[in-house]
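In what follows, a structure is listed as structure tokens, so that the remarks can point back to it.
As the structure is a prediction and not an experimental result, all values here were calculated from the model.
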Amino acid sequence: MLEILPMTEEHIEQVLQVEEACFSIPWTREDFQREMKENKMAIYRIAVLDDKIVGYAGMWHVVTEGHITNVAVLEQYRRRGVAKALMEEIINIAQQKQMIGITLEVRISNIAAQKLYTKYGFRPEGFRKNYYQDTKEDAVIMWKYFPIFEE
């Protein structure tokens, strides 16, 4: 059964395997250690299936907004609801923390990811030219806004 759990330093080794399999310019061990130890804005979740980390997602809580840093799922576990579960967890956290919205960047060529984000209410709001270092590809900036919370 798929479990979504908070990420800790003990998970970094397996998360690195996911990171390196999914991204052309992967984050380093030091990047993740910094996120876990020093970044008070960081919120990370792992997806665990049969005692193996098969995906993860991260978000920074910046004042009243969430900024999704990464969503990654090992290729052999895609189309099984892992990204869905991670996205729902991140959205739930954002709503619990009464964020006004969540933003992310996605490669302009990554139509599958854009479709996933659109399914969860994210909409394109702009572009970042030459955003990705490896290919100089543009990023689509997507936002999901939440209703204003009233006390």
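- Residues Tyr145 and Arg123 fail the side-chain proximity criterion, which asks for heavy atoms closer than 4.5 Å.
- Glu105 contributes atom CD, which lies 6.0 Å from atom CD1 of Ile141 (distance to the nearest 0.5 angstrom).
- Summarising the geometry of Leu86 relative to Gly55, their closest heavy-atom pair is CD1-C, 4.0 Å, with the distance given to 0.1 Å.
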Start with the C-alpha gap between Gln114 and Ile111, add the side-chain angles, then the distance that decides, and say whether side chain to side chain contact (heavy atoms under 4.5 Å, CB included) holds.
CA-CA 5 Å; Gln114 290 177 47; Ile111 303 303; 4.1 Å; yes
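- Residues Glu125 and Thr103 fail the side-chain proximity criterion, which asks for heavy atoms closer than 4.5 Å.
- Here the CD atom belonging to Gln96 is positioned 10.5 Å from the CD atom belonging to Gln98, to the nearest 0.5 angstrom.
- In this structure, Gln14 contributes its side chain and Ile53 its backbone to a donor-acceptor pair below 3.5 Å.
- Residue Ile93 is grouped with residue Val71 when hydrophobic side chains (ILVMFWY) are merged at heavy-atom distances under 4.5 angstrom, including chains of intermediate members.
- Between the side chain of Tyr132 and the backbone N or O of Arg107 there is at least one donor-acceptor pair closer than 3.5 Å.
- Residues Met142 and Ile108 share a hydrophobic cluster, clusters being chains of Ile/Leu/Val/Met/Phe/Trp/Tyr side chains in contact below 4.5 Å.
- Not a single donor-acceptor pair under 3.5 Å links the side chain of Glu19 to the backbone N or O of Pro26.
- Met36 and Val15 fall within the same hydrophobic cluster, defined by Ile, Leu, Val, Met, Phe, Trp and Tyr side-chain heavy atoms under 4.5 Å apart, directly or through other members.
- At least one side-chain heavy atom of Phe122 sits under 4.5 Å from a side-chain heavy atom of Ile68.
- Under the 3.5 Å distance criterion, the side-chain polar atoms of Asn92 are left unmatched by any main-chain donor or acceptor of Glu89.
- Within 6.0 Å of atom CZ in Arg79, 12 or fewer heavy atoms from other residues, nucleotides or ligands are found, so the atom counts as exposed in its surroundings.
- Of the residues Lys37, Arg34, Arg29, the one that meets the salt bridge (charged side-chain N to carboxylate O under 4.0 Å, His left out) test with Glu9 is Lys37.
- Side chains of Leu49 and Lys52 form no contact here, defined as non-hydrogen atoms less than 4.5 Å apart.
- Pairing each heavy atom of Phe23 with each of Ala72, the nearest pair is CE1-CB, 3.6 Å.
- Here the shortest heavy-atom pairing between Ala94 and Ile102 reads CB-CD1, 3.6 Å.
- Note: Tyr56 and Tyr44 have parallel aromatic rings, judged against thresholds of 30 and 60 degrees for the angle between ring planes.
- Checking side-chain atoms of His11 against main-chain N and O of Glu13 turns up no donor-acceptor pair under 3.5 Å.
- Heavy atoms only, all atoms of each residue included: Phe32 and Met7 are closest at CD2-CE, 3.8 Å.
- At distances below 3.5 Å, not a single donor-acceptor pair connects side-chain atoms of Thr64 with backbone N or O atoms of Met99.
- Ala83 and Val73 make their closest contact through N-CG2, 3.9 Å (heavy atoms, listed as atom of the first residue, atom of the second, distance).
- Residue Val82 is grouped with residue Val18 when hydrophobic side chains (ILVMFWY) are merged at heavy-atom distances under 4.5 angstrom, including chains of intermediate members.
- Other residues, nucleotides and ligands place more than 12 heavy atoms under 6.0 Å from the CG atom of Asn130.
- Phe127 and Leu104 fall within a single hydrophobic cluster, where Ile, Leu, Val, Met, Phe, Trp and Tyr side chains are chained together by heavy-atom contacts under 4.5 Å.
- Between the side chain of Glu65 and the backbone N or O of Ile100, no donor-acceptor pair lies under 3.5 Å.
- At a threshold of 4.5 Å between non-hydrogen side-chain atoms, the residues Tyr120 and Glu88 count as touching.
- For Glu75, the CD atom sits in a loose shell: 12 or fewer heavy atoms of surrounding residues, nucleotides or ligands are nearer than 6.0 Å.
- Counting all heavy atoms, side chain and backbone alike, Leu74 lies closest to Cys22 at N-SG, 4.2 Å.
- Counting only heavy atoms from C-beta outward, the side chains of Tyr117 and Met87 approach each other to under 4.5 Å.
- A heavy-atom distance below 4.5 Å is found between the side chains of Lys97 and Ile43.
- One distance of note links OG1 of Thr28 with CD of Glu20; it measures 9.5 Å at 0.5 Å rounding.
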